[in-house]
A.B. asks: 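This structure is in structure tokens; I'll ask about it shortly.
Just so you know, ligand 1 is whichever comes first in the structure, and atom 1 is the first atom listed for that ligand.
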Amino acid sequence: MSQSNFKFQAPTGMKDILPEEQTYFDEIANVAKKYAQFYNFLKIDTPILEDYQLFVKGTGEITDIVEKQMYVLKTKGDEYLALRPEFTPGFVRAYFENGMVAWPHPVKLYSFGPVFRYEKPQAGRYRQFHQLNFESFGSQRPIVDIEIIWVLYNILKDLKISDLAVQVNSIGDSQCRPYYKKVLIRYLKSQERNLCQTCKKRLKINPLRILDCKEERCQQVISKAPQILDHLCEECKEHFKKVLEHLDDLDIPYILNPYLVRGLDYYTKTVFEIISQTGPEGRQNALAGGGRYDDLLKLIGKKDIPACGAAMGIERVINLMKEKGIKAPETPAPQVFIAQLGDKAKTQTLKLLEGLRKSNILTEAQLSKDSLTNQLKIANKLNVKFAVIIGEEEVLNKSVIIRDMQTGTQTSASFEKAIEKLKQKIKGQKKN
Ligand code: HAM
């Protein structure tokens, strides 16, 4: 089909993950798995679609995510389902539905997969993107907040991102936040004329969100606003103090950001984002974000269970790795190439390939090519140590030719013994 006749495109804000990019995904998934296993986070996969009401209740009815960014669909059975815009409410549902309340606590879970938000696409902001998500249910201790930060921070360091910092704040809880909200609203009302249009609306429905508005005019108002840290109750103050002490003890660079509120409704006490300090200005630079949410499990499952978690944005991490010239490990080069001539030789090649795979010898063959000369040219280009040649005569003799690509010397081996011979030759080469 000619290119000009082809009209389909991936949906706006969504993209194909091509083979080159897959190496980054694999690398991040491998590092994540290593950390998750070591720190005892168990893997869980929840459905990509969930009951739409789960997010209304969990993520929060007046958040941007639920108000503007959810992909909602009505099924043939008249159910309203949403493509998950985040993992957290799905984890909470799964925790209750699968009886994890009865498991030894804390219950620590993680997942890796796509999430969907109908946002205005820009660099680092997509409509389908991937998150690595960690949650810990059942403990209110500050060390749990730190364990989540520690694991994500070290995964990023393991990926060779070195200029990290954690922005951290406490947004109080149901005891102290309502009082702070009143103080804040009183101040913001006195400044209403100086706020942007969106924040004028936020003042009525979600005043805390004004604190992280990036508009210049709002920034001026915010810089003089009362700060939540001055209005925390004793319990929240103590919790936050411990969090900062642990960050100090672990030498994790952090920035105390009293304006960090995060755009999801469920947070209590600690909120944080992990950023790259040298990422380009003005770009979406939060590589990961999360916090404590001690009231959400009660809201969804009617049980008072504290929790804390965070998610890392995979595309943002990959973009940053590429900008910094950090390469994902390359697929190892093949050691052997099998060149074949004729249909019977092709099936013999498949048999041999499987034997070599079992012996962990990386091998390449190009079954849709016929000319031996061309195949050997490819073998040369791939810089393999040995080529195995199966021509018509070899098929008849049930044998193969093994060619040392450096010296050009050729030896013959029975088909049965081919793998053993190759192993010896590779071993011999390594010794030299
Ligand atoms: P979030 O801050 O909305 O938190 O998302 C976490 C991370 O996902 C962000 O720091 C960012 O790296 C990435 N991200 C968010 N939106 C986009 C987008 N449109 N395109 C590309 N990347 C994006 C949550 O989702 C919470 N559920 C985290 C959490 C878990 N809190 C407690 N537990």
A.B. asks: Counting only heavy atoms closer than 4.0 Å, does ligand 1 sit against the backbone of Glu119, its side chain, both, or neither?
C.D. replies: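 Contact part for Glu119 vs ligand 1: side chain (C-beta onward).
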A.B. asks: Of the backbone atoms (N, CA, C, O) and the side-chain heavy atoms from C-beta on, which set of Cys308 has a member under 4.0 Å from an atom of ligand 1: side chain, backbone, both, or neither?
C.D. replies: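 Within the 4.0 Å criterion, Cys308 makes no contact with ligand 1.
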A.B. asks: Which ligand 1 atoms, with their elements, are less than 4.0 angstrom from a heavy-atom of Thr88?
C.D. replies: 27 (N), 29 (C), 30 (C), 32 (C), 33 (N)
A.B. asks: Can you confirm whether the side chains of Asn194 and Gln191 place a donor and an acceptor under 3.5 Å from each other?
C.D. replies: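 There is such a pair (donor and acceptor under 3.5 Å, judged by atom type) between the side chains of Asn194 and Gln191.
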A.B. asks: Got the closest protein heavy atom to atom 8 (O) of ligand 1, with its distance?
C.D. replies: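 For this ligand atom, the closest protein heavy atom is Gln131 NE2, 3.2 Å.
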A.B. asks: Within 45° of the six-membered ring axis of Tyr126 and under 6.0 Å from that ring's centre, is NZ or CZ of Lys15 located there?
C.D. replies: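 Yes.
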A.B. asks: Could you see which bit of Phe87 sits under 4.0 Å from ligand 1, with heavy atoms only: side chain, backbone, both or neither?
C.D. replies: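 No part of Phe87 comes within reach of ligand 1.
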A.B. asks: Does Tyr293 reach ligand 1, in the sense of a heavy atom lying below 4.0 Å from it?
C.D. replies: yes
A.B. asks: Can you tell me if Ser359 uses its side chain to pair, donor with acceptor, with the backbone of Gly355 under 3.5 Å?
C.D. replies: yes
A.B. asks: State, without any angle test, whether Gln335 and Lys385 hold a side-chain donor-acceptor pair at a distance under 3.5 Å.
C.D. replies: no
A.B. asks: Are any of the N or O atoms of Glu86 closer than 3.5 Å to those of ligand 1?
C.D. replies: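 Right, the criterion is met.
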A.B. asks: What part of Val115 sits under 4.0 Å from ligand 1 if we count only heavy atoms: the side chain, the backbone, both or neither?
C.D. replies: neither
A.B. asks: Check the angle between the aromatic planes of Phe6 and Phe8 and answer parallel, tilted or perpendicular using the 30° and 60° thresholds.
C.D. replies: perpendicular
A.B. asks: Can you find an N or O of Pro85 that's nearer than 3.5 Å to an N or O of ligand 1?
C.D. replies: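 No, no N or O pair falls under 3.5 Å.
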A.B. asks: For ligand 1, which atoms sit closer than 4.0 Å to a heavy atom of Ala310?
C.D. replies: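 Numbered from 1, ligand 1 contributes 29 (C), 30 (C), 32 (C), 33 (N).
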A.B. asks: Considering heavy atoms of the protein only, find what lies nearest to atom 28 (C) of ligand 1 and give residue, atom and distance to 0.1 Å.
C.D. replies: Gly289 O, 3.4 Å
A.B. asks: Considering heavy atoms of the protein only, find what lies nearest to atom 12 (O) of ligand 1 and give residue, atom and distance to 0.1 Å.
C.D. replies: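 Minimum-distance protein heavy atom for atom 12 (O) of ligand 1 reads Ala286 O, 2.8 Å.
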A.B. asks: For the 3.5 Å polar cut-off, considering only N or O atoms, please tell me whether Gly290 and ligand 1 meet it.
C.D. replies: no
A.B. asks: How does Glu315 reach ligand 1, if at all, at less than 4.0 Å between non-hydrogen atoms: by side chain, backbone, both, or neither?
C.D. replies: neither
A.B. asks: Give the atoms of ligand 1, by number and element, whose distance to some non-hydrogen atom of Ala288 is under 4.0 Å.
C.D. replies: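 Numbered from 1, ligand 1 contributes 10 (O).
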A.B. asks: Numbering the atoms of ligand 1 from 1, which are under 4.0 Å from a heavy atom of Arg117?
C.D. replies: 1 (P), 3 (O), 5 (O), 15 (C), 16 (N), 24 (C), 25 (O)
A.B. asks: Drop me the distance from Gln69's CD to Leu83's CG, to the nearest 0.5 angstrom.
C.D. replies: 13.5 Å
A.B. asks: Considering only protein heavy atoms, which is closest to atom 29 (C) of ligand 1, and at what distance to one decimal place?
C.D. replies: Tyr267 OH, 3.5 Å
A.B. asks: Tell me the contacting part of Arg127 for ligand 1: side chain, backbone, both, or neither, using a 4.0 Å heavy-atom threshold, strictly below.
C.D. replies: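 Contact part for Arg127 vs ligand 1: neither.
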A.B. asks: Can you name the atoms of ligand 1, numbered from 1 with element, that are less than 4.0 Å from a heavy atom of Asn133?
C.D. replies: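 What qualifies from ligand 1 is 30 (C).
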A.B. asks: Do Asp163 and Ser276 pass the side-chain hydrogen bond (donor to acceptor under 3.5 Å, both in side chains) test, and can you show the C-alpha distance, the side-chain angles, and the key distance before you say yes or no?
C.D. replies: CA-CA 6 Å; Asp163 55 345; Ser276 151; 3.3 Å; yes
A.B. asks: Measure the spacing between CG of Leu211 and CG of Leu260 and express it to the nearest 0.5 Å.
C.D. replies: 10.0 Å
A.B. asks: At a 4.0 Å threshold, what atoms of ligand 1 neighbour a non-hydrogen atom of Glu135?
C.D. replies: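 So the answer, numbered in order with elements, is 30 (C), 32 (C), 33 (N).
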A.B. asks: In chain order, what residues pass the salt bridge (Lys or Arg N to Asp or Glu O under 4.0 Å) check against Lys242, with sequence neighbours excluded?
C.D. replies: Glu238
A.B. asks: Would you call the rings of Tyr267 and Tyr293 parallel, tilted or perpendicular if under 30° counts as parallel and over 60° as perpendicular?
C.D. replies: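 Rings of Tyr267 and Tyr293: perpendicular, as their planes differ by over 60°.
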A.B. asks: What protein heavy atom is closest to atom 13 (C) of ligand 1, reported as residue, atom name and distance in Å?
C.D. replies: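 It is Gly313 CA, 3.6 Å.
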A.B. asks: With a 4.0 Å heavy-atom cut-off (strictly under), which part of Ala311 contacts ligand 1: side chain, backbone, both or neither?
C.D. replies: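 Both the backbone and the side chain of Ala311 come within reach of ligand 1.
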A.B. asks: For ligand 1, is any non-hydrogen atom under 4.0 Å from Tyr118's backbone (N, CA, C, O), its side chain (CB onward), both, or neither?
C.D. replies: neither
A.B. asks: Quick one: does Glu273 get an N or O within less than 3.5 Å of an N or O on ligand 1?
C.D. replies: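 There is no such contact.
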A.B. asks: Answer yes or no: are there more than 12 heavy-atom neighbours, outside Lys33 itself, under 6.0 Å from its atom NZ?
C.D. replies: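 No, because the 6.0 Å sphere around NZ of Lys33 holds 12 heavy atoms or fewer from other groups.
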A.B. asks: Counting non-hydrogen protein atoms only, what is the nearest one to atom 21 (C) of ligand 1? Give residue, atom name and distance.
C.D. replies: Gly124 O, 3.3 Å
A.B. asks: Do His130 and Phe25 have ring centres separated by under 6.0 Å?
C.D. replies: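 Centroid distance His130-Phe25: below 6.0 Å, so yes.
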A.B. asks: If you have a sec, work out which protein heavy atom is nearest atom 23 (C) of ligand 1 and how many Å separate them, to one decimal?
C.D. replies: Phe129 CE1, 3.2 Å
A.B. asks: Between atom CD of Glu135 and atom CZ of Phe91, what is the distance when rounded to the nearest 0.5 Å?
C.D. replies: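 Between atom CD of Glu135 and atom CZ of Phe91 there are 6.0 Å.
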A.B. asks: Check each of Thr270, Thr268, Asp145, Asp173 against Arg292 using the side chain to side chain donor-acceptor pair (under 3.5 Å) test, and report the only one that passes.
C.D. replies: Asp145
A.B. asks: Please identify which of these residues, Ile17, Leu287, Leu132, meets the side-chain contact (heavy atoms from CB on, under 4.5 Å) condition with Ile314.
C.D. replies: Leu132
A.B. asks: Please state whether Tyr126 comes within less than 4.0 angstrom of ligand 1, counting heavy atoms only.
C.D. replies: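 True for this residue.
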A.B. asks: Heavy-atom distances under 4.0 Å decide this one: backbone, side chain, both or neither, for Arg262 against ligand 1?
C.D. replies: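 The answer is the side chain of Arg262.
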A.B. asks: Cation-pi between Lys269 and Phe240: NZ/CZ under 6.0 Å from ring centre and within 45° of the ring axis?
C.D. replies: no
